[in-house]
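We count ligands from 1, going down the list as the structure has it; atoms in each ligand are counted the same way.
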Amino acid sequence: MKKDRANGLSLKEHEVAGNGLLDRRLFLLRGLQFGVIANITPTNSLATTATDIDLIGPTWMHEPGEPFSTYGEPSEHEDDVVRFPVQNEMVPGNGVSWTPLHLLEGTITPNGLHYERHHNGVPQINPKNHRLLIHGLVKKDLIFSIDDLLRYPMESKICFIECGGNSNAGWNKQPSQSQAGYFNGLASCSEWTGVPLSVLLAEVGLRKKSKWLVAEGADAFAMQMSIPIDKALDDAFLALYQNGERIRPENGYPLRLIVPGWEGVLNVKWLRRLKVTNRPVMARNETSRYTELQPSGKSRMFTFPIEAKSLITSPSAHMVLKGPSLYQITGLAWSGRGKISKVEISADGGETWGEAALQEPILDRSFTRFRLPWNWNGKPAVLKSRAIDETGYVQPERTELVKKRGRHGFFHYNAITNWHIDSDGFVSHVYDKKENETTDSDINIDSDWD
Ligand SMILES: Nc1nc2c(c(=O)[nH]1)N[C@H]1C(S)=C(S)[C@@H](COP(=O)(O)O)O[C@H]1N2
Ligand SMILES: [Mo]
């Protein structure tokens, strides 16, 4: 066994878990260099040795480039980095478009790639004609124009939004073979800026019996959702900006509600009305949907917070590893209950686990990027990631989740995802072997979200 001369340890001794998972600090210390010493990478770089040195340069160095633009676009060579839209044929404008999480890095979702969930299309709203009414159990009803709202003191928060129906193909009997983002990408993370709801609720003055807030959108679906008043006063806000610019039409322009860490459906877009009430409105999306029968025979409803979840975005389904070598396993973790405290990775199907490096900043109810070096030996392997949040909650294995939530599960699928790598390096999605026996789910979800 070759020695890593820097500290006298062999690569084997840097292993933190079985099947080649290495210490999370190794890349930070010496990049790929330690692989060289351990004879894993053929040269000390993944690049080619320079022989012909071209000092003339490419053609684009010999003529002026393109002129300036008023609004930048991604390079034409990145045109595969797109959302994946799926429309419900029966209802105009009802569908989703998935964020390509497997093609992105870092934690912030570019505005043009934020996932979309509309129930009846994207209204084209002229902000001059848009109003927000706050009424109900309040001391005085108030109407705000967008210009009024833009004059209030604002705050920013980086947080994820995840649809309660995200990853729900995970309830199916067979593992989805879509790319990671195209079955887990009804989740995105942005910096949202706007006016704290508590400020406006203080202006209208809450009456004693106020317990809930019903939010209504100005789309043709007239989405209505009920939110407990305590959450509204705690950290909900009315967003006008998304990653520094005004919110995109598809994400709620000119005004949307942000309810940090709670299921996506509460983040009402194109917000036009907030009614303070003493009980929930019992709208479609809190009765016929989002109410789920449990194995105990009782139903659960108003299951607001998003539980901790993680997903390896690379390597992930459809990718191909180029032979035995060092790889960086990377992905995203998030929790609606606070910060991510730890992400563990397994390269042997869950037998042993190693702790991943968490990329700073680690923010409350935001995407957290994790990474871990892996020395793949070229043999079939199963990768898993497991998130643990600051409340101590541990992301469950699929078997556990299915056992707990039963065969009527549809929302809040947050189980561990397994990526199988075959000896050709091809990555596919698999369930644990034992899961095939225990899963009695007979649903087949491929075009229903909510
Ligand atoms: N007015 C309105 N608000 C809405 C919806 C909608 O269809 N209409 N969809 C909801 C659902 S189910 C989700 S998951 C999020 C999606 O937000 P996004 O499209 O900005 O990602 O918005 C919520 N707010
Ligand atoms: Mo949703």
Legend entry - Residue, atom name and distance, where the atom is the protein heavy atom closest to atom 21 (O) of ligand 1: Tyr115 O, 2.6 Å
Inset, instruction - Please determine, by modelled atom types, if Arg369 and Thr313 share a side-chain donor-acceptor pair under 3.5 angstrom. - result: yes
Inset, instruction - Return yes when Glu162 approaches ligand 1 closer than 4.0 angstrom through a heavy atom, no otherwise. - result: no
Legend entry - NZ or CZ of Arg279 within 45° of Trp212 ring axis and under 6.0 Å: no
Inset, instruction - Please determine if Lys269 and Glu250 form a salt bridge, counting it only when a charged side-chain N lies under 4.0 Å from a carboxylate O. - result: no
Inset, instruction - May I ask you to list the atoms of ligand 1 that are less than 4.0 angstrom from any heavy atom of Asp450? - result: 12 (S)
Legend entry - Ring centres under 6.0 angstrom apart (His102, Trp419): no
Inset, instruction - Taking the six-membered ring of Tyr431 (Phe, Tyr or Trp), confirm whether the NZ or CZ of Arg398 is under 6.0 Å from its centre and within 45° of its axis. - result: yes
Legend entry - Nearest non-hydrogen protein atom, atom 9 (N) of ligand 1: Arg117 O, 3.2 Å
Inset, instruction - With heavy atoms under 4.0 Å as the rule, classify the contact between Leu186 and ligand 1 as side chain, backbone, both or neither. - result: neither
Inset, instruction - Decide whether the shortest distance between a heavy atom of Val268 and an atom of ligand 1 is less than 4.0 Å. - result: yes
Inset, instruction - Return the residue, atom name and 0.1 Å-rounded distance of the protein heavy atom closest to atom 8 (N) of ligand 1. - result: Asp219 OD2, 2.7 Å
Legend entry - Heavy atom of the protein closest to atom 7 (O) of ligand 1 (residue, atom name, distance): His119 ND1, 2.7 Å
Inset, instruction - Please determine if Arg256 forms a cation-pi arrangement with Trp192, meaning its NZ or CZ atom is less than 6.0 Å from the six-membered ring centre and no more than 45° off the ring axis. - result: yes
Inset, instruction - Kindly identify the option in Glu216, Met223, Arg256 whose heavy atom sits closest to atom 20 (O) of ligand 1. - result: Arg256
Inset, instruction - Mark yes or no: Arg289 above the aromatic ring of Phe410, with NZ or CZ under 6.0 Å from the six-membered ring centre and no more than 45 degrees from the axis. - result: yes
Legend entry - Enclosure of Gln174 CD (heavy-atom neighbours >12, cutoff 6.0 Å): no
Legend entry - Salt-bridge criterion met for Arg405 and Glu292 (N-O under 4.0 Å): yes
Legend entry - Test: Glu216 and Lys275 ion pair at under 4.0 Å: no
Legend entry - Arg365 and Asp235 ion-paired at < 4.0 Å: yes
Inset, instruction - Decide whether the shortest distance between a heavy atom of Phe221 and an atom of ligand 1 is less than 4.0 Å. - result: no
Inset, instruction - Just jot down the ligand 1 atoms closer than 4.0 angstrom to any heavy atom of Glu250, in number order. - result: 19 (O)
Legend entry - Those atoms of ligand 1 less than 4.0 Å from some heavy atom in Gly217: 1 (N)
Inset, instruction - Could you see which bit of His114 sits under 4.0 Å from ligand 1, with heavy atoms only: side chain, backbone, both or neither? - result: side chain
Legend entry - ligand 1 versus Asn267: contacting region, heavy-atom distance under 4.0 Å: backbone
Inset, instruction - Identify whether the distance between the nearest side-chain nitrogen and carboxylate oxygen of Glu191 and Lys157 falls below 4.0 Å. - result: no
Legend entry - Protein contact to atom 19 (O) of ligand 1 [nearest heavy atom, distance to 0.1 Å]: Lys269 NZ, 2.6 Å
Inset, instruction - Show which atoms of ligand 1 fall inside a sub-4.0 Å distance from at least one heavy-atom site of Cys163. - result: 14 (S)
Legend entry - Numbered atoms of ligand 1 (with element) below 4.0 Å of Gly264, judged on heavy atoms: 13 (C), 14 (S), 15 (C), 22 (O), 23 (C)
Inset, instruction - Enumerate the atoms of ligand 1 whose separation from the nearest heavy atom of His118 is less than 4.0 angstrom. - result: 7 (O)
Inset, instruction - Give the atoms of ligand 1, by number and element, whose distance to some non-hydrogen atom of Asn251 is under 4.0 Å. - result: 18 (P), 19 (O), 20 (O), 21 (O)
